[in-house]
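Taking it in order: structure first as C-alpha cells, then the write-up.
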Amino acid sequence: MVADYWSPQRVHVETGYQHIQVPFAALNPPTFSIVKKMDLTAFMGYLSTWSSTRNYNLAFPETPALQEIFPYFAEAWGEEATHREVSWQLHLRVFRL
C-alpha cells in the first residue's frame, strides 16, 4: 500500500548505495543490523516514521495507512504487549582515499 509512496531516491537504500559512483577504492565493511524488541504499539510507531507512510497519509488523509493495516498486523502479532524481535540491515559503503 505505501510502497508506491517512497521517493525515487529510495532506490539507493534498496540497492545498498551500490549505484552511487565514488572515485575511491571500495572496502568491504562488516555487516550491521539494528535489532530491537518491540511490542505492537512500538512497531506501528516505527512504521509511522517511514516517509512513504507519511506521503501516503498526505495523499489519503481520510484513510491513514496504519489505520488500514493495523487489523492485519494485530491478528498476526497476537497479544499487543508481546515483544517481538525486529531487525533491519544497515547498508554501508566504505572507501579508502
Side-chain angles (χ1 to χ4, degrees):
M1 171 176 12
V2 298
D4 294 336
Y5 293 87
W6 288 113
S7 72
Q9 293 79 13
R10 174 76 183 174
V11 69
H12 297 303
V13 174
E14 293 172 359
T15 61
Y17 304 98
Q18 294 302 311
H19 294 96
I20 297 174
Q21 299 299 314
V22 179
F24 303 111
L27 302 174
N28 291 319
T31 59
F32 294 94
S33 294
I34 295 174
V35 179
K36 188 166 176 73
K37 290 204 176 232
M38 297 181 173
D39 62 15
L40 181 57
T41 301
F43 181 70
M44 297 303 285
Y46 165 66
L47 295 182
S48 74
T49 69
W50 289 5
S51 61
S52 62
T53 302
R54 291 191 307 263
N55 291 338
Y56 179 93
N57 291 343
L58 288 171
F60 301 99
E62 67 284 355
T63 56
L66 298 183
Q67 179 180 319
E68 293 278 310
I69 64 171
F70 181 81
Y72 301 102
F73 274 98
E75 182 180 346
W77 197 276
E79 180 61 39
E80 194 169 325
T82 298
H83 283 78
R84 301 198 180 279
E85 190 172 279
V86 178
S87 66
W88 54 98
Q89 186 175 5
L90 301 177
H91 297 281
L92 299 177
R93 290 196 62 205
V94 179
F95 302 90
R96 177 174 289 141
L97 296 177

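Just so it is clear, the structure is predicted and the values come from calculations on it, not from any experiment.
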Q18 meets the side chain to side chain contact (heavy atoms under 4.5 Å, CB included) criterion, sequence neighbours left out, with R93
Here the gap from Q67 atom CD to E62 atom CD, rounded to the nearest 0.5 Å, amounts to 10.0 Å
Heavy-atom nearest pair, A65 first then T53, reads CB-CG2, 4.3 Å
For T49, does its backbone N or O pair with a side-chain atom of R54 as donor and acceptor, under 3.5 Å? yes
Spell out, yes or no, whether V13 and L47 are grouped together once hydrophobic residues are joined by side-chain heavy atoms under 4.5 Å, including indirect joins. no
message = I'd like to know if F32 and F95 are part of one continuous hydrophobic network [Ile/Leu/Val/Met/Phe/Trp/Tyr, side-chain heavy atoms within less than 4.5 Å].
response = no
Please check if I20 and F24 belong to a single hydrophobic cluster, counting links between Ile, Leu, Val, Met, Phe, Trp and Tyr side chain heavy atoms closer than 4.5 Å. yes
Rounded to the nearest 0.5 Å, the NE2 atom of H91 sits from the CD atom of E14 at a distance of 9.0 Å
Test side chain to side chain contact (heavy atoms under 4.5 Å, CB included) applied to M38 and Y46, step by step: CA-CA 9 Å; M38 297 181 173; Y46 165 66; 4.1 Å; yes
Do L92 and L97 sit in one hydrophobic cluster, given that two such residues count as connected whenever their side-chain heavy atoms are within less than 4.5 Å of each other, even indirectly? no
Point to revise | Common cluster, Y17/V11, ILVMFWY with side-chain heavy-atom separation under 4.5 Å | key: no
dist S7:OG -> N55:CG (nearest 0.5 Å) comes out at 7.5 Å
What one should report as the nearest heavy-atom pair of V2 and S52 is O-CB, 3.3 Å
Of W88, W6, Y5, the one forming a ring pair (Phe, Tyr, Trp, His ring centres under 6.0 Å) with W50 is W6
A74 and L40 have their tightest heavy-atom pair at CA-CD2, 3.7 Å
- prompt: Going by the angle between their ring planes, with limits at 30° and 60°, are Y56 and F60 parallel, tilted or perpendicular?
  reply: tilted
Tightest non-hydrogen contact, residues A81 and D39, listed as O-CB, 3.8 Å
The salt bridge (Lys or Arg N to Asp or Glu O under 4.0 Å) partners of E75 (sequence neighbours excluded) come to none
Practice prompt. Verify side chain to side chain contact (heavy atoms under 4.5 Å, CB included) between M44 and I69, making sure each step is shown before the conclusion.
Written response: CA-CA 10 Å; M44 297 303 285; I69 64 171; 4.2 Å; yes
So, R96 side chain and L27 main chain: donor-acceptor pair closer than 3.5 Å or not? no
